[in-house]
Amino acid sequence: MSILVDASTRLVVQGITGREGAFHATRNKAYGTQVVAGVTPGKAGQDVDGIPVFNTVEDAAEATGANTAMVFVPPRFAADAILEVLDSPVELIVCITEGIPAHDMLRVYAHLKRGDKSLVGPNCPGIISPGTATVGIMPTQVFQPGAVGVVSRSGTLTYQISKELALLGIGQSTVVGIGGDPVVGSSFIDVLGRFDADPDTELVVMVGEIGGAEEETAADFIAGTMSTPVVGYIAGFQAPPGKQMGHAGAIITGSSGTAQAKKEALEARGVRVGESPSEVAALVKEALG
Amino acid sequence: VLLINIFGGITRCDEVAEGLLTALDRLGATLPIVVRLDGTNEEEGRAIIAARAPDNVVVEATMLSAARRAVALAEGVTA
């Protein structure tokens with residue numbers, strides 16, 4: 001039915017008293033997510049739309065049984081906010097914040113990989129299991145329940161592709177934005193593996209973009225390990241080398257990280273790649289039969 | 001011709017619409033502007049444009065139709 005986020009999700013929102021934190025916590029709650037707590041140091045005892053605020057994640061988890069944290073903390077404090085969750089009972093962290101220094105994330109990454117918790121993001125739109133729960137900033141009206149998993153480095157392209165799928169009557173099991181930074185907690189492979197193990201996901205759409213080698217690594221994983229079929233999309237065929245395209249991690253360095261190379265790597269392993277969001281939706285429909 | 005293509009998540013369409021109106025007010029720009037607004041607060045954003053934007057601003061419902069309209073306007077064709 002879904003991965004990572006579902007009816008059992010009990011969410012604590014870090015930075016809930018900020019403008020974005022309050023707005024999206026309230027929207028997530030309105031969609032049906034159990035938003036059980038917020039955290040802002042020094043503001044314990046307050047509430048945001050009836051959601052109780054605590055000083056620490058530890059306090060929030062103890063009082064409410066929160067099992068998932070969403071980070072809306074400004075960039076310079078966000079790494080500490082993630083580390084705080086790693087030392088709490090909360091199991092899953094979704095970090096929305098963009099602009100966390102890469103060196104801060106290296107420190108977080110090393111700490112994260114020593115344990116068995118999961119981090120999605122940073123610089124990501126979050127996770128939605130349509131009809132059940134959403135954790136993040138996605139425009140929920142775009143999505144509908146179904147059997148296609150989506151994993152993506154880009155928020156906006158995720159919305160566009162999901163909308164194209166909806167026009168063809170195809171819904172999603174879960175949609176996961178892994179984020180556009182060079183250092184992120186969950187790779188394509190981490191999420192592809194979860195989708196492969198989910199009996200209710202019949203097909204996965206992987207939305208990649210220029211920069212790095214994540215798509216190439218994922219191509220090997222799809223061919224070698226997965227039984228669920230995958231349809232791909234790569235953003236940035238027109239991107240000039242050396243120019244950062246929106247995301248910190250979206251940059252072609254020398255001859256590596258180009259959209260063409262990623263498309264070829266995927267197609268060489270039998271993954272069909274759409275050149276536009278509408279072509280991706282058409283390929284999905286064809287593959288589902 | 002200016003094409004503005006927004007599918008908002010954390011970006012709110014009503015703030016984009018207000019920002020566009022402020023910019024037009026300040027700059028007095030008269031070039032044709034094609035706007036596509038989807039996502040968070042899309043209805044509020046479209047309503048702001050419909051009620052208060054000058055005649056050189058046109059709204060299209062989809063990314064493709066907005067791109068076509070912008071190209072047509074640039075070529076001097078009345079879409």
Side-chain angles (χ1 to χ4, degrees), chain A residues 15 18-28 30-31 70-72 94-99 121-128 134-143 152 154-164 166-167 175 177 179-180 207 235 246 275-282, chain B residues 1-26 31-53 57-75 77 79:
Chain A
R19 178 176 179 270
E20 299 301 330
F23 181 76
H24 291 285
T26 307
R27 284 170 73 95
N28 285 186
Y31 190 74
M70 171 163 68
V71 180
F72 265 104
V94 179
C95 184
I96 310 299
T97 306
E98 174 172 10
N123 191 9
C124 84
I127 306 166
I128 182 168
T134 186
V135 173
I137 59 165
M138 297 200 211
T140 53
Q141 71 271 24
V142 173
F143 306 94
S152 173
S154 157
T156 303
L157 280 164
T158 308
Y159 316 152
Q160 185 67 38
I161 286 172
S162 297
K163 184 158 188 165
E164 303 282 354
L167 291 174
V175 178
V207 183
E275 297 244 335
S276 68
S278 51
E279 193 190 345
V280 169
Chain B
V1 176
L2 177 65
L3 169 61
I4 300 177
N5 179 37
I6 303 289
F7 208 138
I10 203 156
T11 303
R12 303 177 201 173
C13 291
D14 54 331
E15 290 182 354
V16 173
E18 290 290 355
L20 176 62
L21 293 183
T22 305
L24 287 176
D25 196 41
R26 228 178 261 175
L31 84 167
I33 299 173
V34 182
V35 186
R36 177 268 184 134
L37 291 177
D38 242 327
T40 303
N41 289 359
E42 58 191 28
E43 283 168 17
E44 292 89 334
R46 289 183 202 133
I48 289 166
I49 300 275
R52 287 159 47 204
V57 178
V58 293
V59 174
E60 285 285 344
T62 70
M63 178 171 71
L64 277 181
S65 69
R68 285 198 193 98
R69 185 81 172 265
V71 170
L73 285 168
E75 289 172 343
V77 181

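Note that these values count all heavy atoms, side chains included, but never hydrogens, waters or copies made by symmetry. Computed from a predicted structure; not experimentally measured. We name chains A, B, ... by the order of the sequence lines, and we start the count at 1 in each one.
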Can you name the closest pair of heavy atoms from A:Pro139 and B:Gly39 and give their distance?
CB-CA, 3.7 Å

If you round to the nearest 0.5 Å, how far is CD1 of B:Ile10 from CZ of A:Phe23?
9.5 Å

Can you tell which of A:Glu20, A:Arg19, A:Met138, A:His24 has the highest number of heavy-atom pairs within less than 4.5 Å of chain B?
A:Arg19

Proximal component of A:Gln141, with respect to chain B [non-hydrogen, under 4.5 Å]:
side chain

Is A:Leu157 close to chain B through its backbone or its side chain, or both, or neither, when contacts mean heavy atoms under 4.5 Å?
neither

What distance separates B:Thr40 OG1 from A:Arg27 CZ, expressed to the nearest 0.5 Å?
4.5 Å

Taking atom CZ of B:Phe7 and atom OG of A:Ser154, what is their separation to the nearest 0.5 Å?
11.0 Å

